[in-house]
Student: 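The structure follows.
We name chains A, B, ... by the order of the sequence lines, and we start the count at 1 in each one. Excluded from the calculations below are hydrogen atoms, water molecules and symmetry mates; all remaining heavy atoms, backbone and side chain alike, are included.
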There are 2 protein chains.
Amino acid sequence: MSLHEVPILLHRCGDCPIRHRAVCARCDTDELSTLEQIKYYRSYQAGQTVIWSGDKMDFVASVVTGIATLTQTMEDGRRQMVGLLLPSDFVGRPGRQTVAYDVTATTDLLMCCFRRKPFEEMMHRTPHVGQRLLEMTLDELDAAREWMLLLGRKTAREKIASLLAIIARRDAALKLRDSKGPMTFDLPLTREEMADYLGLTLETVSRQVSALKRDGVISLEGKRHVIVNDFARLLEEAGDDSDGGLPV
Amino acid sequence: MSLHEVPILLHRCGDCPIRHRAVCARCDTDELSTLEQIKYYRSYQAGQTVIWSGDKMDFVASVVTGIATLTQTMEDGRRQMVGLLLPSDFVGRPGRQTVAYDVTATTDLLMCCFRRKPFEEMMHRTPHVGQRLLEMTLDELDAAREWMLLLGRKTAREKIASLLAIIARRDAALKLRDSKGPMTFDLPLTREEMADYLGLTLETVSRQVSALKRDGVISLEGKRHVIVNDFARLLEEAGDDSDGGLPV
DNA sequence: TTATTGCTTTGATTCAGATCAAGCGGGAAA
DNA sequence: TTTCCCGCTTGATCTGAATCAAAGCAATAA
């Protein structure tokens, strides 16, 4: 694991390409060496719980590879996903030690962790990191609000199209390809996880995915590999104005 | 307007009571005088739009009196509220100039604004403010995630009970009363606004409010004044574990 | 090779909430 | 006073998604 690949998020500058993996030249490197000292890696198997709601979380972390979800659960078992962590995303909450939702690895997962206390101290010393973290949190809040529109007002078909568009765009960004032309990606979620994301049942998810396929918006190879035949059409189906919201 | 009543949020410390209005002794006062220099007040009438989605927002602000909402709208007019701003809440996004949703005054509204540029500069000088802002943003994100569970998985009755519980609790905090015993408050939202908050239609809101009244969970005086007969019962109806989530 | 298991699809039926449609009640204007 | 208007309630009906129930399919184990 090269040093360049690790503290991606903490060190990217505002005007650098969103998912680049190299450390930006404009960031000073003091923080980098501090981070090096307090970081460690943890890996989880698919399905393993990283941390339970209410537990103490004595680290903050960023996802290196794999996918994790944040979910909330009601006593009777109803579940709602409230966050989806893809590579380079950040989890954890400097300044609060308990976490309010379950964090689960949905695929094999490698996280780069930083012990919370020294991380917080470092944050106090170097405001740059705190500012970057504020920016990231505000982006996350914007994404959450977009998601609220989806949950509250979109139809099942629109929800599915929206989710596919989000994953397609993030996947494209990760691969450093542009968002034009036919896109292709592997769904990182089961039907049930998609349902938890969208506030639907897994049967409805299955039906609507089939419907989008039948209507030629997407094609499938196997259950998981998706080909987006026309991204603009997909966005239209998603009911999104403009281009589907924020840069993700 | 006394100086003490203004930059409430920016200056409260982590362990001070949540909604206190005096400036905490542990905060240094340099920032206060800076803020004094760059602040101004704006008032809006009920129904007036503070700012449209996509517009430039050259200030950040905190609500002094009245209520504002953040809403997202689809082209066909479907609306979802994504934020509810009560007195002492903060709006605005240091580091980004356009806003991604409509901000509307639902009652007469007084806001204490700070010009964005000098505010950002002040933030860079005094990390304390940035840290406080990060903390507030993380709280807002937690609230948004609670809201996502509501939108995705709760029944209409649970949604209404949840909203009433949220308003009752915030109102009690504002009045500095404790949350025990019969609570009483004026609904600050119309049925339609409640519907936009909850992802329902106004007819369903009306029916479920009537149902909670019929079942003795709440009483009404007129359309707007609500008496919560038993707060614990209300929380139970809301389907919330523990006490309904986060401190608001 | 045949089970087993976990995910997925598809079909039949039900139901919570949306939609359509009156009607109510209180406050402001005439 | 009457009229109008706006926010709210209530009723009748419809419908999209949930629920209940069977199979299908692919990968792994036996």
Side-chain angles (χ1 to χ4, degrees), chain A residues 45-48 67 74 76-80 104 106-107 150-164 186-215 218-226 237 239, chain B residues 45-47 67 69 74 76-80 104 106-107 150-164 186-215 218-226 237 239:
Chain A
Q45 295 181 334
Q48 226 184 325
I67 285 156
M74 298 173 67
D76 61 6
R78 280 176 281 173
R79 289 164 58 82
Q80 175 64 53
T104 313
T106 63
T107 64
L150 177 149
L151 289 172
R153 296 302 189 193
K154 290 191 177 179
T155 64
R157 172 183 262 244
E158 287 169 339
K159 285 178 174 182
I160 299 288
S162 299
L163 176 56
L164 293 176
D186 284 315
L187 267 180
L189 303 174
T190 65
R191 297 292 183 259
E192 183 169 24
E193 285 158 351
M194 291 172 70
D196 284 343
Y197 188 111
L198 300 170
L200 297 171
T201 60
L202 68 95
E203 293 95 330
T204 299
V205 170
S206 178
R207 276 184 248 274
Q208 295 298 335
V209 170
S210 300
L212 286 175
K213 181 182 160 191
R214 175 166 27 75
D215 299 347
I218 58 169
S219 307
L220 292 179
E221 270 170 19
K223 315 277 181 193
R224 291 300 193 94
H225 195 73
V226 177
E237 291 285 352
Chain B
Q45 295 180 335
I67 285 156
T69 59
M74 299 174 67
D76 61 7
R78 280 176 281 173
R79 289 164 57 82
Q80 176 64 52
T104 314
T106 63
T107 64
L150 177 149
L151 289 171
R153 295 301 187 193
K154 289 192 178 179
T155 65
R157 170 182 264 244
E158 288 168 339
K159 285 178 176 184
I160 298 288
S162 299
L163 176 56
L164 293 176
D186 284 315
L187 268 180
L189 303 174
T190 65
R191 298 291 184 258
E192 184 170 21
E193 285 158 351
M194 291 172 70
D196 284 343
Y197 188 112
L198 300 169
L200 298 171
T201 60
L202 68 96
E203 293 95 331
T204 298
V205 170
S206 179
R207 276 185 247 273
Q208 295 298 335
V209 169
S210 300
L212 286 176
K213 182 182 158 192
R214 174 166 28 76
D215 298 346
I218 57 169
S219 307
L220 293 180
E221 271 170 22
K223 314 277 182 197
R224 290 299 192 95
H225 194 73
V226 177
E237 291 285 352

Student: Does a side-chain N or O of B/Thr201 approach OP1 or OP2 of C/dG17 to a distance below 4.0 Å, or not?
Tutor: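 Checking C/dG17 against B/Thr201, no side-chain N or O comes under 4.0 Å of OP1 or OP2.
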Student: Of A/Arg207 and A/Arg224, whose closest DNA chain C nucleotide lies nearer the 5' terminus?
Tutor: A/Arg224
Student: Taking atom P of C/dA16 as reference, at what distance in whole Å does atom CD of B/Glu203 sit?
Tutor: 18 Å
Student: Mind checking if B/Ser206 touches a base, just sugar-phosphate, or nothing, with heavy atoms under 4.0 Å?
Tutor: base
Student: Need to verify one output field. Residue with the more 5' nearest nucleotide on DNA chain D, A/Lys154 or B/Val209?
Tutor: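 Closest to the 5' end, via its nearest nucleotide, is B/Val209.
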Student: Below 4.0 angstrom from OP1 or OP2 of C/dA16, is there any side-chain N or O of B/Thr155?
Tutor: no
Student: A/Arg157 near the nucleic acid: base, sugar-phosphate alone, or nothing, with a heavy-atom cut-off under 4.0 Å?
Tutor: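 The residue A/Arg157 makes no contact with any strand.
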Student: To the nearest 0.5 Å, tell me how far A/Leu212 CG sits from A/Glu237 CD.
Tutor: 6.0 Å
Student: Do any N or O atoms from the side chain of A/Ser210 and from the backbone of A/Ser206 form a donor-acceptor pair under 3.5 angstrom?
Tutor: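 It does hold such a pair.
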Student: Measuring from B/Thr104:OG1 to B/Asp196:CG, what's the distance to the nearest 0.5 Å?
Tutor: 10.0 Å
Student: Nearest heavy-atom pair of B/Lys159 and B/Lys154: which atoms, and what distance?
Tutor: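 That would be CE-O, 3.5 Å.
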Student: Counting any heavy atom closer than 4.0 Å, what does B/Leu200 reach on the DNA or RNA strands: base, sugar-phosphate only, or nothing?
Tutor: sugar-phosphate
Student: For residues B/Thr190 and B/Arg224, determine if any side-chain heavy atom of one lies less than 4.5 Å from a side-chain heavy atom of the other.
Tutor: yes
Student: Reading DNA chain D in the 5' to 3' direction, which nucleotide is the first one with an atom under 4.0 Å from a heavy atom of chain A, and which is the last?
Tutor: D/dA17 to D/dC20
Student: Quickly work out the A/Arg78 CZ to C/dA16 P distance and round it to whole Å.
Tutor: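 So the two atoms are 13 Å apart, to the nearest Å.
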Student: Under 4.0 Å between any heavy atoms, over every strand shown, what does A/Gly47 touch: base, sugar-phosphate, or nothing? Just pick one.
Tutor: nothing
Student: Just the rounded figure in Å: distance from C1' of C/dC7 to CZ of A/Arg191.
Tutor: 9 Å
Student: Quick one: are B/Arg191 and B/Val209 in side-chain contact, heavy atoms under 4.5 Å?
Tutor: yes
Student: Between A/Arg78 and B/Arg153, is there a donor-acceptor pair closer than 3.5 Å when you use the side chain of the first and the backbone of the second?
Tutor: yes
Student: In whole angstrom, give the distance that lies between atom CZ of A/Arg214 and atom C1' of C/dT10.
Tutor: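 It works out to 12 Å between those atoms.
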Student: For A/Gln208 and C/dT10, what is the distance between atoms CD and C1' respectively, to the nearest whole Å?
Tutor: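 To the nearest whole Å, that distance equals 13 Å.
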